[in-house]
Every structure is written in structure tokens, then in C-alpha cells.
Number of protein chains: 2
Amino acid sequence: MRSADLPEVRSLHLFQTMKEETFDSIVKAAYFQTFPDHVVLIEEGEPADFLYVVIEGRVELFAHANGRETSLAMVSPIGTFILAAVLKDAPYLMSARTCQRSRILMIPAEDLRAAVDQDKAFAAAIIRELASCYRAVVKDHKSLKLRTGVERLANRLLRYHHDQGGNGSLSLPYDKRTLASLLGMTPENLSRAFNTLKPYGVTVDGGTVRLHDLVALETLAKPNSLIDDRRI
Amino acid sequence: MRSADLPEVRSLHLFQTMKEETFDSIVKAAYFQTFPDHVVLIEEGEPADFLYVVIEGRVELFAHANGRETSLAMVSPIGTFILAAVLKDAPYLMSARTCQRSRILMIPAEDLRAAVDQDKAFAAAIIRELASCYRAVVKDHKSLKLRTGVERLANRLLRYHHDQGGNGSLSLPYDKRTLASLLGMTPENLSRAFNTLKPYGVTVDGGTVRLHDLVALETLAKPNSLIDDRRI
DNA sequence: GATTTCCCTTGATTAGAATCAAGTTCCGCC
DNA sequence: GGCGGAACTTGATTCTAATCAAGGGAAATC
């Protein structure tokens with residue numbers, strides 16, 4: 001690893017509280033690598049050799065079954081993926097590919113597990129991270145089971161709007177086909193869902209979405225902090 | 001807590017490896033309680049006051065949104081629930097109710113977190129448990145996004161069949177309305193899904209299901225260890 | 001500048017699932 | 001034995017979403 005990257009990595013929540021010594025042991029073992037766009041980093045079913053940390057760029061987690069494919073999550077800086085597989089020494093449940101040129105930190109699974117064993121503060125940080133990941137999936141799962149496609153989209157728009165400052169406008173962070181897959185619908189249906197939201201003050205221009213009537217949209221969406229609030 | 005229950009609790013994976021001292025501290029603080037059938041133990045949104053451990057009986061985890069309700073999981077002995085909320089000191093994302101008369105161990109959140117801080121072995125056990133919970137939800141989520149209702153049912157039947165010895169017959173562990181909700185469908189559609197599976201050798205008599213043509217059923221179900229295998 | 005390609009949209013159709021409405025069966029209960 | 005209720009099933013209908021097919025538009029390529 002380049003020494004210039006050290007402070008950056010150290011400042012991640014996951015690595016902030018650990019002992020210097022443990023951090024060193026991980027750093028010595030880890031690889032920094034830059035991948036171009038659209039590179040498959042891992043495939044579901046493979047043994048968990050590395051924990052991945054996205055430093056720059058963006059990674060899509062996806063999965064296959066019965067001849068279908070779906071996006072499960074997007075990982076932005078600074079985020080980790082497949083932590084659970086690494087900790088359990090179990091096969092990955094998801095595949096991952098870059099969707100931009102990305103700088104990735106790869107920590108060998110063995111070294112990560114050793115570090116968890118040796119460093120209480122690191123174990124605590126891992127627990128927090130894992131618990132957050134768990135709750136994020138539960139929220140996604142609730143959303144999919146309890147809401148229609150239009151409702152999922154409406155709430156997602158409200159979330160992006162809030163995250164981006166809440167000034168009536170937002171830009172979609174991913175292309176629409178990816179957003180559709182994340183929301184559990186086809187691109188065609190995402191298009192139609194946007195049309196359905198027109199009467200609720202939603203206008204779309206490319207990746208820019210304007211919310212002209214927040215009250216109406218919220219009445220439709222019925223946002224629920226136990227699904228939509230990423231912080232809790 | 002009754003001292004007669006101690007060895008039982010101690011033998012749970014979660015509590016097996018921890019120090020005697022830590023175990024004592026948790027035991028002193030915890031409550032053992034027996035609840036009748038159909039009692040709501042927690043409601044989503046409430047602060048996480050206790051970690052719950054099901055010792056006897058059965059508990060259903062469920063959630064509400066947009067006027068709908070869905071079952072998210074069933075917890076059988078010996079299983080915990082809402083561990084993540086307790087660790088994060090965050091509101092519960094799910095509600096829980098007994099679906100049988102149940103004996104439950106309740107560990108105050110504060111004491112649990114203190115124990116995690118003080119005992120490395122316990123922290124390690126918590127990490128394993130959390131990682132397993134995470135992967136279980138990811139599997140459910142993949143199943144819902146990638147399979148039709150009939151496929152989900154077919155795979156669920158194969159799972160129960162395997163778990164119960166694989167001798168061509170299985171008994172449904174829950175009533176059909178609950179099973180339907182777990183699988184993400186209405187009771188009516190579960191009924192129809194069973195009918196759809198008839199040509200694949202599936203016959204139903206009350207809670208007893210017979211699989212007369214495993215090959216045909218598996219061809220339809222396309223079971224996938226990364227979704228259906230609970231052990232990995 | 002014309003063409004290709006990809007992404008997105010729209011329309012028509014089909015498939016999957018929910019809802020509404022009865023019926024049936026099976027239990028517990030009187 | 002008869003009654004009431006709950007769980008489940010079936011049928012008809014509606015709704016939601018996927019699929020199939022085609023077209024439009026913007027950016028990249030030649």
C-alpha cells in the first residue's frame with residue numbers, strides 16, 4: 001500500500017479506533033488496487049478471500065438466480081462490502097462489479113479475522129458495521145415486501161432529495177436501469193412509475209428530478225423512518 | 001432467573017465461549033419470563049431495551065408499513081432476536097409476538113453491551129451471530145427479488161423436506177397463512193401455488209406435504225445453495 | 001454530417017399476484 | 001349432535017408488474 005493512502009484509510013470509521021499495531025498488521029497485508037469501469041471483482045459462491053473497501057469510485061453488488069439478475073446495493077466511498085462472508089469464512093452471497101473507475105482496498109480475510117481477534121476496539125467497530133449492514137438489508141426487505149413499485153420509487157426520491165439538501169431538486173445517483181433493479185422493478189416499469197408520480201409534482205429531465213409538491217408526494221409515499229432513514 | 005435454567009442458557013452458542021464472570025453479570029441482570037400465545041413482545045420503533053432469547057416456544061417477527069403487514073422471520077429455540085438494534089442502541093425495525101406459549105430470556109441492552117465490551121470471546125460470538133443473521137436476510141431478499149411465488153414455495157418445501165430427513169414427506173412448521181406471509185404472498189396465492197406444484201408431484205393434506213417427484217420439483221425450483229442453504 | 005449504439009420511453013400484451021366474494025372443511029364448544 | 005368460528009380453498013375480477021416490440025433521442029464513432 002502507498003503510504004500516502006494510510007491516513008485516508010485510518011480515518012474510516014472501521015479503522016479509526018483500532019490499535020496502531022493492529023492497523024499496521026492489516027496495512028502490511030492489504031492491497032490497494034485501481035480497477036477500470038465494469039470490472040467484476042468477485043462472484044457469488046467464491047470463497048471469501050478478501051474484505052473490500054471502496055476508497056474511490058463505486059461498486060455494485062448484485063446476484064443471480066433462476067436466470068434473473070438483480071442489484072442488491074451500491075457501495076460508495078467509504079464503504080466496505082462482503083464483511084459477513086469474510087468473518088464467517090463462507091462463500092460470498094453477492095457478486096460485485098465496478099460501475100466507475102474505482103480505487104479499492106483489499107484486506108486478506110485471514111488477516112482481518114486475526115485483527116478482530118486481537119483488537120477489542122476493532123471488534124467493536126466490526127460489530128457496529130455489521131449491525132448497520134444488517135439493518136440496511138432488513139429495511140430493503142421491508143420496503144420490497146410492504147410497498148408497491150411506485151411507493152418504493154417515491155420514497156427513494158424523497159431520500160435522495162433529503163440527502164442532497166432538500167431544495168426541490170435532486171439528481172439520480174445511478175442510471176435508471178440500475179435504479180430500477182435496486183428498487184426491484186424493470187426499467188420499463190420505472191419509466192411508468194415516474195409517469196404515475198407526475199400528478200404528485202414529480203418531473204424528470206434526464207437524471208434530474210424536480211419535486212414540485214412535496215406534501216402530495218409524501219402523502220402517497222408514506223415515508224417511514226424504520227425503512228427510509230439510513231442513519232438509524 | 002431460576003438457577004435450573006442456567007446450564008441451558010450457557011449451552012447456547014452465543015453464551016458458550018464467554019467468561020464465567022461475564023456470564024454471571026448477564027445472568028444477574030436478565031429476566032426469564034413465560035408468555036402465552038399471541039402476545040406482542042415488542043413493537044417496531046420502540047427503543048431497544050432488551051435482547052430476547054427464545055428458550056421454548058416460538059416467536060414471529062413482523063412489520064407494518066403503508067397499511068400492510070408481513071412476517072419477516074420465525075424464531076425457534078434456541079434463537080435470539082433484535083440483536084442488531086440492541087448493539088446499535090437503535091429502535092427495533094421489527095415487531096415480535098409469540099405464536100405459542102413461549103419461555104423467553106430477556107437481557108437488558110445495557111448489560112449486553114457492557115458484556116460485549118468486557119469479554120473478547122463474547123464479542124466474537126456476537127460477531128458470528130450477527131454475520132449469520134445478516135446473511136439470512138440477504139438470502140431472503142434474494143429469494144424475493146429473483147424468484148416467483150411458486151419458485152419460493154417449491155424451494156421452501158425442499159428445504160423443510162431436507163431438514164426433516166428427506167423421506168418424501170414433510171410437515172409444514174407453521175400454519176399456511178403465516179407461511180404465505182413469510183414467502184411474500186397472500187394465503188390465497190399460497191393455495192394456488194400448491195395447486196401449481198401438483199403436476200410436480202406435490203400433494204398436500206392439511207399440514208402434511210408429500211413430494212412424489214423430487215427430480216421434477218427440483219427442476220422447477222432450481223434450488224441454489226446461496227439462497228436456500230441455511231448453514232452457510 | 002451521417003451512422004451507430006445505447007439508454008430510455010411508450011404501447012400492447014401477457015403473466016403474476018392481490019383483492020373481493022363465496023364456499024368448504026375442520027375444530028372446539030355448547 | 002348441532003353450532004360457531006377459524007383456516008383454508010376456489011372462483012372471478014382487478015391490479016401490478018413483466019415481457020415483447022418498437023420507436024425516439026442523445027452521445028459517441030466513423
Side-chain angles (χ1 to χ4, degrees), chain A residues 37-38 60 64-71 99-100 143-157 171-199 202-209 220-222, chain B residues 36-38 60 64-71 97 99-101 143-157 171-200 202-209 220-222:
Chain A
D37 194 3
H38 276 274
E60 178 186 5
H64 286 270
N66 298 46
R68 297 162 205 129
E69 178 182 314
T70 191
S71 289
C99 37
Q100 294 173 9
S143 180
L144 194 61
K145 275 187 112 171
L146 291 165
R147 288 173 167 165
T148 65
V150 171
E151 288 168 348
R152 293 197 295 278
L153 173 61
N155 281 294
R156 187 60 68 106
L157 292 179
S171 63
L172 300 175
Y174 326 115
D175 60 19
K176 287 177 185 159
R177 88 180 283 98
T178 305
L179 180 61
S181 188
L182 277 172
L183 292 173
M185 57 177 88
T186 57
E188 293 96 324
N189 268 335
L190 177 63
S191 242
R192 292 184 186 109
F194 271 120
N195 281 330
T196 306
L197 292 180
K198 234 176 231 164
V202 177
T203 56
V204 188
D205 175 22
T208 302
V209 179
L220 173 83
K222 297 178 205 64
Chain B
D37 195 2
H38 276 275
E60 177 186 4
H64 287 270
N66 297 47
R68 296 163 207 130
E69 178 182 315
T70 191
S71 289
R97 66 186 158 219
C99 36
Q100 295 174 9
R101 177 184 162 85
S143 179
L144 195 62
K145 275 186 112 171
L146 291 166
R147 289 172 168 164
T148 65
V150 171
E151 288 168 347
R152 294 196 295 279
L153 173 61
N155 280 294
R156 186 61 68 106
L157 293 179
S171 63
L172 299 175
Y174 325 114
D175 61 19
K176 287 177 188 160
R177 90 180 282 97
T178 306
L179 180 60
S181 189
L182 278 171
L183 292 174
M185 57 176 90
T186 57
E188 292 97 323
N189 268 333
L190 177 64
S191 243
R192 291 182 187 110
F194 272 120
N195 280 331
T196 306
L197 292 180
K198 236 176 229 165
Y200 299 87
V202 177
T203 58
V204 188
D205 175 22
T208 303
V209 179
L220 172 83
K222 296 179 206 63

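Numbered from 1 within each chain, the chains take letters A, B, ... in sequence-line order.
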Got a donor-acceptor contact below 3.5 angstrom from the [X] side chain to the [Y] backbone?
X      : Y      : value
B/R97  : B/E60  : no
A/K145 : B/M185 : no
A/T178 : A/Y174 : no

Quick check: any donor-acceptor pair below 3.5 Å linking the side-chain of B/R192 to the base of C/dG16?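 It does not, because no donor-acceptor pair links the side chain of B/R192 to the base of C/dG16 below 3.5 Å.
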Quickly work out the [X] [atom1] to [N] [atom2] distance and round it to whole Å.
X      : N      : atom1 : atom2 : answer
A/N189 : C/dA17 : CG    : C1'   : 14 Å
A/R68  : C/dA15 : CZ    : P     : 14 Å
B/R147 : C/dA17 : CZ    : P     : 13 Å
A/L146 : D/dT16 : CG    : P     : 16 Å
A/L172 : C/dT9  : CG    : P     : 10 Å
A/D205 : D/dG24 : CG    : P     : 19 Å
A/H38  : C/dC7  : NE2   : P     : 8 Å
B/E188 : D/dT13 : CD    : P     : 16 Å

Using a cut-off of 4.0 Å on non-hydrogen atoms, how would the nucleic acid contact of B/T148 be classed: base, sugar-phosphate, or nothing?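 If one applies the 4.0 Å heavy-atom cut-off, B/T148 turns out to touch the sugar-phosphate alone, with no base involved.
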Between A/R156 and A/E151, is there a side-chain N and carboxylate O pair less than 4.0 Å apart?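 Not counted as a salt bridge, because no side-chain N and carboxylate O are separated by less than 4.0 Å.
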Test B/V150 against B/L220 for side chain to side chain contact (heavy atoms under 4.5 Å, CB included), laying out the working first. CA-CA 9 Å; B/V150 171; B/L220 172 83; 4.0 Å; yes
Indicate whether OP1 or OP2 belonging to D/dC8 is found under 4.0 Å from a side-chain N or O atom of B/S191.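 No, B/S191 has no side-chain N/O under 4.0 Å of OP1/OP2 on D/dC8.
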Would one find a side-chain N or O of B/N195 under 4.0 angstrom from OP1 or OP2 of D/dT10?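 So the side-chain polar atoms of B/N195 do come within 4.0 Å of the phosphate oxygens OP1 or OP2 of D/dT10, strictly under.
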Passing candidate, side-chain contact (heavy atoms from CB on, under 4.5 Å) with B/L190, options B/R177, B/R152, B/K176: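 With B/L190 as partner, B/R177, B/R152, B/K176 yield a single side-chain contact (heavy atoms from CB on, under 4.5 Å), made by B/K176.
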Contact list for DNA chain C against residues 173-184 of chain A - heavy-atom distance below 4.0 Å: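 Under 4.0 Å from DNA chain C: A/D175, A/K176, A/R177.
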Please give me the minimum heavy-atom distance between A/A193 and A/L153, naming the atom from each residue.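 A/A193 and A/L153 have their closest heavy atoms at CB-CD2, 3.6 Å.
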